[in-house]
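What follows is one structure encoded as structure tokens, with my remarks underneath.
Chain naming here is simple, since letters A, B, ... match the order of the sequence lines and numbering starts at 1 in each. Worth knowing before you read on, the calculation uses all heavy atoms, side chains too, and leaves out hydrogens, waters and symmetry mates.
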Number of protein chains: 2
Amino acid sequence: MSERSEPKSRRERPAKPALSRGWIVDTAVRIMRAEGLEKVTMRRLAQELDTGPASLYVYVANTAELHAAVLDALLGEVDLAEEGGGDDWRERLVAVLTSYTLVLFRHPQLARSALVARPSGDNYLRLVDRVLALLARGGAPVEQVAWGVDQLLQTATATAAEQSTRDQDPAAQQEWDALTRALHAEDGTRHPAIKAHMPALISGGDRLRWGFEVLINGIGSTPVPDPD
Amino acid sequence: MSERSEPKSRRERPAKPALSRGWIVDTAVRIMRAEGLEKVTMRRLAQELDTGPASLYVYVANTAELHAAVLDALLGEVDLAEEGGGDDWRERLVAVLTSYTLVLFRHPQLARSALVARPSGDNYLRLVDRVLALLARGGAPVEQVAWGVDQLLQTATATAAEQSTRDQDPAAQQEWDALTRALHAEDGTRHPAIKAHMPALISGGDRLRWGFEVLINGIGSTPVPDPD
DNA sequence: ACCTGAACACCGTTCAAGT
DNA sequence: ACCTGAACACCGTTCAAGT
């Protein structure tokens, strides 16, 4: 009874919480999970938080910074493969990188923003530290390990950015279809090498894993250039 | 005299050319060179072509397709290293990949759109064919060569996408500064591996070349997985 | 077939004014 | 210090109507 008589405005949105960076980012993550990153706009976010867009600028510098914060929050889901399994560093390393890639896969457009504005948050640092440690177990020189981590994470991010948008965006799917059609139509007069490599050029298979292994092998066997 | 008496409208924009896909793309390239890809919008382009935005949709499906067309036009600038130099396939391959990366570097935001909507135009096919042919000279199995090309071009594209926006976008620069600061501040308690690899983690040097060499070595020595 | 004006449904960001 | 309404300066895309 007394509940029924409460003012309507108090019951609709129970105790609108005070604005804060944390609350803003949490809300942004929620919108992204439900509707995708493209809906995480300042205006939409403000609407969700029951305020005007200008209010958000007290806590967030701009849209890019907001997206970076959302990304770091998500990196908490990456499995660092710290327990279980054998002690094969290669297997563990591939597992961590695959986990990272899958997280980005699940949240499509985020991978693209990761390529541009590299995260510098806690979760990203943990990931970098872990990949460094595993790679170092292979016995490669420190310079190669240090530069290699960059390459490994970049490949993972780029792969996710490429694939993920393809799944969502029909236009990107069309572009890919156009490319495979162009490759299939190749008669070998203008592009003999494409013709010669043709079945494999398009074939599936575990390219992600192969890509990581290529890098791990290459990193271990390629000295960094003499700085002179 | 007779010139002076010509109607003003005829002299301002001499013989406004008929709309066509080719003319639209050329104009888009011009705007991009002068002011950057972010200014290549349907509305701005229409304004430049002296028409309304709706008219463009007769020739171009959407903004993404327009950007893809601009990208392929630009790939004409890539040096395929077809003459001169020794006949060291590795050197030539690195030269082609570097040229591709530099073209994307010069036209920042384009690299990002290349990652998402892969070009399927003439110039892209020529590039793929050339990289395939050079890589094949190394004697690696066809499957490894075919899958390797993807990896090489992806790394080049991703590197350009990463670096390039950093140069332009002050926000991206800030993110990078934040990351290097975070790495420097590392005391080793939470992230021992970062601490251990610290000088090299941030050092300069020819990372682009090293990255290509890592891939070339890895591609040659890593068999593709058994498909079973 | 090609072209267009006008509209729909949005954006990010700033700034003067309020509490 | 924090918050806001309102404005500025844009977007992509569609559609009915014209030529």
Side-chain angles (χ1 to χ4, degrees), chain A residues 9 13 15-25 27-28 31-32 34-71 109-110 112-113 116-117 165 168-175, chain B residues 9 13 15-25 27-28 31-32 34-71 109-110 112-113 116-117 165 168-175:
Chain A
S9 60
R13 285 181 178 271
K16 165 185 168 184
L19 237 40
S20 74
R21 195 183 153 96
W23 182 243
I24 289 172
V25 173
T27 307
I31 296 176
M32 187 209 56
E35 305 171 55
L37 188 70
E38 71 271 21
K39 292 288 167 56
V40 182
T41 66
M42 292 305 223
R43 287 182 114 102
R44 173 64 202 283
L45 190 49
Q47 189 188 308
E48 204 82 6
L49 291 165
D50 223 349
T51 181
S55 307
L56 304 181
Y57 285 83
V58 176
Y59 304 95
V60 167
N62 50 44
T63 308
E65 204 209 82
L66 175 67
H67 287 182
V70 169
L71 173 61
Q109 313 87 326
L110 218 48
R112 284 162 78 185
S113 84
V116 180
T165 26
Q168 298 233 325
D169 187 358
Q173 180 63 51
Q174 274 180 8
E175 294 288 339
Chain B
S9 62
R13 287 182 176 268
K16 164 185 167 182
L19 236 40
S20 74
R21 194 183 153 95
W23 183 243
I24 288 172
V25 173
T27 308
I31 296 176
M32 188 209 55
E35 304 171 55
L37 188 70
E38 72 271 21
K39 291 289 166 56
V40 182
T41 66
M42 293 304 223
R43 288 182 114 102
R44 172 66 201 282
L45 191 49
Q47 188 189 307
E48 203 83 4
L49 291 165
D50 224 350
T51 181
S55 307
L56 305 180
Y57 285 83
V58 176
Y59 304 96
V60 167
N62 50 46
T63 308
E65 203 207 82
L66 174 67
H67 287 181
V70 169
L71 172 61
Q109 315 85 328
L110 219 47
R112 284 163 75 184
S113 83
V116 180
T165 26
Q168 299 235 324
D169 188 357
Q173 180 62 52
Q174 274 179 7
E175 293 289 338

request  = To the nearest 0.5 Å, tell me how far Leu49(A) CG sits from Ile24(A) CD1.
outcome  =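 It is 6.0 Å, given to the nearest 0.5 Å.
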request  = Would you give the length of the straight line joining atom CG of Leu37(B) to atom CG of Leu66(B), rounded to the nearest 0.5 angstrom?
outcome  =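 Atom-to-atom, Leu37(B):CG and Leu66(B):CG are 8.0 Å apart.
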How many Å lie between [atom1] on [X] and [atom2] on [N], as a whole number?
| X | N | atom1 | atom2 | result |
| --- | --- | --- | --- | --- |
| Leu56(B) | dT4(C) | CG | P | 9 Å |
| Lys39(A) | dC11(C) | NZ | C1' | 13 Å |
| Leu19(A) | dT4(D) | CG | P | 7 Å |
| Trp23(B) | dC3(C) | CH2 | P | 15 Å |
| His67(A) | dC11(C) | NE2 | C1' | 12 Å |
| Leu49(A) | dC2(D) | CG | C1' | 15 Å |
| Gln47(B) | dG5(C) | CD | C1' | 16 Å |
| Leu45(B) | dC11(D) | CG | P | 11 Å |

Give each protein N/O atom lying under 3.5 Å from an N/O atom of nucleotides 17-19 of chain D, with the pair distance.
none

With a 4.5 Å heavy-atom cut-off, do [X] and [Y] have their side chains touching?
| X | Y | answer |
| --- | --- | --- |
| Leu45(B) | Val60(B) | no |
| Gln109(B) | Glu38(B) | yes |
| His67(B) | Thr63(B) | yes |
| Val25(B) | Tyr59(B) | no |

Distances under 3.5 Å only, N/O to N/O: pair up the protein atoms with those of nucleotides 12-15 of chain C.
unit_1, atom_1, unit_2, atom_2, d
dG12(C), OP1, Met42(A), N, 3.2
dG12(C), OP2, Met42(A), N, 3.2
dG12(C), OP2, Arg43(A), N, 3.3
dG12(C), N7, Arg43(A), NH1, 2.5
dG12(C), O6, Arg43(A), NH1, 2.6
dT13(C), OP2, Tyr57(A), OH, 2.8
dT13(C), OP2, Thr63(A), N, 3.2
dT13(C), OP2, Thr63(A), OG1, 3.2
dT13(C), O5', Tyr57(A), OH, 3.3

Watson-Crick or G-U pairs under 3.5 Å in DNA chain C, rendered as dot-bracket with [ ] for crossing pairs and | for another strand = ||.|||||...|||||.||
task = Provide the distance between the two P atoms, one in dC8(C) and one in dA9(D), to the nearest whole Å.
result =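 About 23 Å, rounded to a whole number of Å.
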ask   = Considering residues at least two apart in sequence or located in another chain, which fulfil the side chain to side chain donor-acceptor pair (under 3.5 Å) criterion with Arg21(A)?
value =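 Arg21(A) satisfies side chain to side chain donor-acceptor pair (under 3.5 Å) with Glu65(A) only.
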query = Taking only residues two or more places apart in sequence, or in another chain, which ones meet Ser55(B) in a side chain to side chain donor-acceptor pair (under 3.5 Å)?
reply =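 Side chain to side chain donor-acceptor pair (under 3.5 Å) check on Ser55(B) returns Thr51(B).
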Distance-minimising heavy-atom pair for Tyr57(A) and Asn62(A) =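 Result for this residue pair: CE2-CA, 4.4 Å.
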task = Under the side-chain contact (heavy atoms from CB on, under 4.5 Å) rule, what do Val58(A) and Leu19(A) come out as? Steps first, then yes or no, please.
result = CA-CA 9 Å; Val58(A) 176; Leu19(A) 237 40; over 6 Å; no
request  = Look at Thr51(A) and dC3(D) and indicate whether a side-chain polar atom (N or O) is within less than 4.0 Å of OP1 or OP2.
outcome  =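 Checking dC3(D) against Thr51(A), no side-chain N or O comes under 4.0 Å of OP1 or OP2.
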key: Set of side-chain contact (heavy atoms from CB on, under 4.5 Å) partners for Ala68(A), sequence neighbours left out   =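 If we apply the side-chain contact (heavy atoms from CB on, under 4.5 Å) test to Ala68(A), skipping adjacent residues, the hits are Glu175(B).
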